[in-house]
Asks: 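Quick one: the structure is below, and I'll ask about it shortly.
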Amino acid sequence: MGLIAPLYLLLGAAALIPLLIHLLRRRIGTRIDFPAARYLARAEQEHSRSLKLRNILLMLLRVAIVLLIATAAARPVTRLAGAGHAPTALAIVLDNSLSTTLVVNGRPLLEQFRAAAHDILGSANTTDRLWLITADGRVRGGGKATLSEELDRVEPLAGAGNLPLALSRAGGAVRSAGLDSRQIIVLTDGQRTAWTQNTDVGDTQVLLWLPGGTPPANRAVVAAEARPERWTPRGAVVGRVMSKDSTTYRITLGGRSLARGTASPGEEILMRAAPPERGWVDGTVELEPDELPGDNVRHFAVWIGPPPAVSVSPEAGPFVRSAIDVLKGNGRVVDGHDIAVMSADELTSLPALILAPSDPVRLGAANRALERVGVPWRFGAARRGETTVSGEHTLGTAVPDSQAGAFVDVTAIARYELVPQGGADADTIARVGREPWIVAGPRYAIVASPLDPAATTFPIRAAFVPWLANVLTEHLVGEPGGVVGANPGQLLPRPRWADAIEDLGGARSALGDDLQAPAHAGTYFLERAGRRVGALVVNPESSESVLDRISADDVGRRIHAQQVIPAADRTQLATLSFRSASRRSVGEPILFAALALLVAEGVLVGVRRRATVPA
């Protein structure tokens, strides 16, 4: 037997009170016989033996009652069979990931988990400590009434969540309760992609329930994007569908249907368009709903505008002028003055593709021009000698990573150091060694060499024209910004070019240092100074559409705990709940015993009074 509140045993000292009273009554002083009391004395002497036995019995009853009450106050638990359970720290890990919205037998799996959790909470009592942890790692604590209300408010996630993290937090919660009996109940569909990591929950019993069964065939849109990110105004939507047979799809842009078609299994959807919309626009690739409707829509965003009007300075060199002529020929750019391509010493305004001056004598004028238009970079010392150029992969910028491959087999022969000034806000596109060779910031890009074969091999490479088209039509056109992709709830660094975000209802909120993706899938436009400059596109992880499951034993092998018990069904789950230890509270039976002794004591006192009343 164990005691939860052993200090209450000190109340047992009160058992000395009836004992002292009994002993003191035996030491009553000198007896004086009065004539009127002699008759009573004789009667008492006739029953003295029975009276002594009653007194001793009363004393023992009162001592026992006090000891039983003190013991019950100490909340004893012991290994006894029967109803009830020891005070338990219990956490329910509820898998509410996207895959649990799968409809099975007419009900989503999440609803079945919710009903099972309600059964478990119904068996809790006031001595238990309870928590509810969902797949996104959110921890809710409280009594069973509070958690039942929280349970009804749980919504399915739009993504996978993180079940190992939720399980780890459940382990920390139950261990912090300080109770001997600890149990974690995991309600999950056992999706294979969700259980790839091992989790240690310590000295805790884990009870698992997986509904089992074979999931139905699932169709899903697993990829959707606009190529390129900025259309001027032509571009393409690329998508990919996961399906075991052909399926119909629909592509929308700005809320209107852009195309419909049928996709074969594994086939890439490619739809080219030159729509009339302008600015940042959201779009979707959609399928007909099935048993898992949450992955039948995938979102994308695109900026649409006219071809940029470009002017080229003679100082840019013949290779740049020829490349611009090619782009004009296929409609990627037109003549005009929206974007300038020129040597730095000629720079007067932005946006511009800025080239290093071919003559070192003009270096001072170039740096003064950069300072005049507010570009936070300067040309430094001249460097000569053939050096390999490497592309730089970027994150969260308007320069796509695919452009990093444009610098294969490119060397720089003559260049200048690029020196950042205070507060330089730019992305490095290419490097020479560890030094930046091309950098791009808001409305500018700087090349550290003249684009001439005498200074670099870049202008004579096949990738030069596509790279130039990318810089002019996707980076320097329009407002600085871009598309940031994320999973629901993912934490990202805030894009430097955005200061606010619009929710799906159009409400605007300021951004902090970090950007946490909303929990619901969709396109959230990013703003700077009240203007849309990009979009945060939230889609579920494509792996969440793969519904393959593992067995309860396999899930159990990924959980390091004192004991892992798979429950066969909801009935067994309810039976095994709060059974993390065989010890049960015996406080209530002891209180009933004390009450029974009180009744016996009252009966005995009543009999004694009737026996002592003179006839």
Side-chain angles (χ1 to χ4, degrees), residues 95-113 135 156-161 163 188-196 210-227 235-273 275 282-302 485-488 520-523 537-551 554-555:
D95 184 355
N96 63 331
S97 61
L98 174 64
S99 63
T100 63
T101 60
L102 180 71
V103 177
V104 178
N105 299 325
R107 294 180 65 196
L109 283 176
L110 180 58
E111 293 303 317
Q112 300 180 34
F113 295 156
L157 302 177
L163 281 175
T188 177
D189 60 355
Q191 189 181 23
R192 183 181 300 277
T193 56
W195 292 98
T196 58
L210 285 72
T214 303
N218 183 39
R219 297 192 307 272
V221 185
V222 294
E225 63 175 316
R227 292 181 184 173
V237 176
V238 179
R240 193 169 67 255
V241 172
M242 185 191 75
S243 176
K244 291 185 177 180
D245 50 14
S246 297
T247 184
T248 59
Y249 66 84
R250 182 172 78 111
I251 299 175
T252 71
L253 188 69
R256 68 178 178 86
S257 293
L258 193 63
R260 294 178 185 272
T262 302
S264 302
E267 179 187 12
E268 185 177 79
I269 299 170
L270 177 62
M271 191 279 301
R272 300 186 186 280
D282 61 331
T284 60
V285 178
E286 303 177 0
L287 302 179
E288 293 294 326
D290 57 7
E291 286 82 357
L292 183 61
D295 60 358
N296 293 325
V297 178
R298 203 164 185 89
H299 302 266
F300 66 89
V302 61
N487 301 132
H520 298 284
T523 297
V537 179
V538 180
N539 283 304
E541 300 88 340
S542 57
S543 60
E544 193 64 8
S545 299
V546 181
L547 301 181
D548 293 347
R549 296 173 182 168
I550 59 176
S551 67
D554 288 334
V555 173

Asks: Within this structure, what is the OG1-CD distance for the pair Thr193 and Glu541, rounded to the nearest 0.5 Å?
Replies: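 Atom-to-atom, Thr193:OG1 and Glu541:CD are 8.5 Å apart.
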
Asks: List the steps, then state whether side-chain contact (heavy atoms from CB on, under 4.5 Å) holds for Val538 with Asn487.
Replies: CA-CA 5 Å; Val538 180; Asn487 301 132; over 6 Å; no

Asks: Which atom pair, heavy atoms only, marks the closest approach of Leu163 to Ala194?
Replies: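 Closest approach of Leu163 to Ala194, heavy atoms only: CD1-CB, 4.1 Å.
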
Asks: Could you state the interatomic distance from CG (Leu258) to CD1 (Ile251), rounded to the nearest 0.5 Å?
Replies: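 The distance works out to 6.5 Å.
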
Asks: Working note: His299 + Val297, criterion side-chain contact (heavy atoms from CB on, under 4.5 Å); need CA distance, chi angles, decisive distance, verdict.
Replies: CA-CA 7 Å; His299 302 266; Val297 178; 3.9 Å; yes

Asks: Of all heavy-atom pairs between Phe113 and Thr188, which one has the smallest distance, and what is that distance?
Replies: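 For Phe113 versus Thr188, the nearest heavy atoms are CZ-C, 3.3 Å.
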
Asks: Hey, does Ile550 have a side-chain heavy atom less than 4.5 Å from the side chain of Val555?
Replies: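 Yes; the side chains approach each other to less than 4.5 Å.
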
Asks: Are any of the side-chain heavy atoms of Glu268 and Val238 separated by less than 4.5 Å?
Replies: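 Yes. Closest side-chain heavy atoms under 4.5 Å.
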
Asks: Output the distance between atom CG (Leu109) and atom OG (Ser97), rounded to the nearest 0.5 Å.
Replies: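 Here the interatomic distance stands at 9.5 Å.
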
Asks: Indicate the atoms forming the closest heavy-atom contact of Asn96 with Ala135, along with that distance.
Replies: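 Closest pair (atom of Asn96, atom of Ala135, distance): OD1-N, 2.9 Å.
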
Asks: Does Arg219 offer a backbone N or O that forms a donor-acceptor pair with the side chain of Asp290 under 3.5 Å?
Replies: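 Flag set: sc Asp290 to bb Arg219 pair under 3.5 Å.
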
Asks: Nearest 0.5 angstrom please: Leu287 CG to Met242 CE, how far?
Replies: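 If we round to the nearest 0.5 Å, Leu287:CG and Met242:CE are 10.0 Å apart.
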
Asks: Is there a donor-acceptor pair closer than 3.5 Å between any side-chain N or O of Ser257 and the backbone N or O of Ala259?
Replies: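 The answer is no, because no donor-acceptor pair under 3.5 Å joins these two groups.
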
Asks: Any carboxylate oxygen within less than 4.0 angstrom of a Lys/Arg side-chain nitrogen, looking at Arg250 and Glu286?
Replies: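 Glu286 and Arg250: salt-bridged.
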
Asks: For the atom pair OG1 (Thr284) and CG (Leu253), what is the distance rounded to the nearest 0.5 Å?
Replies: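 One gets 9.0 Å once the value is rounded to the nearest 0.5 Å.
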
Asks: Quick check: do His520 and Pro488 have side-chain heavy atoms less than 4.5 Å from each other?
Replies: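 No - every pair of side-chain heavy atoms lies 4.5 Å or more apart.
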
Asks: For Arg107, I'd like to know if atom CZ has over 12 heavy atoms of other residues, nucleotides or ligands within 6.0 Å.
Replies: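 Atom CZ in Arg107 is packed in, count exceeds 12.
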
Asks: If I compare all heavy atoms of Ser99 with all of Gln191, which pair ends up nearest, and what's the gap?
Replies: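 Shortest heavy-atom contact: OG-OE1, 3.0 Å.
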
Asks: Atom CD of residue position Glu288 - does it have more than 12 heavy atoms of other residues, nucleotides or ligands inside 6.0 Å?
Replies: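 Count not over threshold, so no.
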
Asks: Taking atom types as modelled and ignoring hydrogens, do the side chains of Thr100 and Asp95 form a donor-acceptor contact shorter than 3.5 angstrom?
Replies: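 Their side chains do not contain a donor-acceptor pair, so the 3.5 Å distance test is not met.
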
Asks: Donor-acceptor check, side chain of Ser264 to backbone of Glu267, threshold 3.5 angstrom: yes or no?
Replies: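 No; zero donor-acceptor contacts below 3.5 Å.
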
Asks: Quick one: do the Ser545 and Asp295 side chains pair a donor with an acceptor below 3.5 Å?
Replies: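 Asp295 and Ser545 do have a side-chain donor-acceptor pair below 3.5 Å.
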
Asks: Could you tell me whether a side-chain N or O of Arg298 sits under 3.5 Å from a main-chain N or O of Pro540, the two making a donor and an acceptor?
Replies: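 Here the side-chain-to-backbone pair exists.
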
Asks: Distance from Leu102 atom CG to Asn218 atom CG, nearest 0.5 Å?
Replies: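 Reported to 0.5 Å precision, the distance equals 7.5 Å.
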
Asks: Verify the neighbour count for atom CG of Asn105: are there more than 12 heavy atoms of other residues, nucleotides or ligands below 6.0 Å?
Replies: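 Result for CG/Asn105: open.
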
Asks: Which atom names give the shortest non-hydrogen contact between Gly190 and Leu210, and what distance separates them?
Replies: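 In this case the closest contact between Gly190 and Leu210 is CA-CD2, 3.6 Å.
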
Asks: Could you pull out the closest heavy-atom pair between Val221 and Asn296, with the gap in Å?
Replies: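 Distance-wise, the nearest heavy atoms are CG2-O, 3.7 Å.
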
Asks: Between Phe300 and Val237, is there a side-chain heavy-atom distance shorter than 4.5 Å?
Replies: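 SC-SC contact between Val237 and Phe300 confirmed.
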
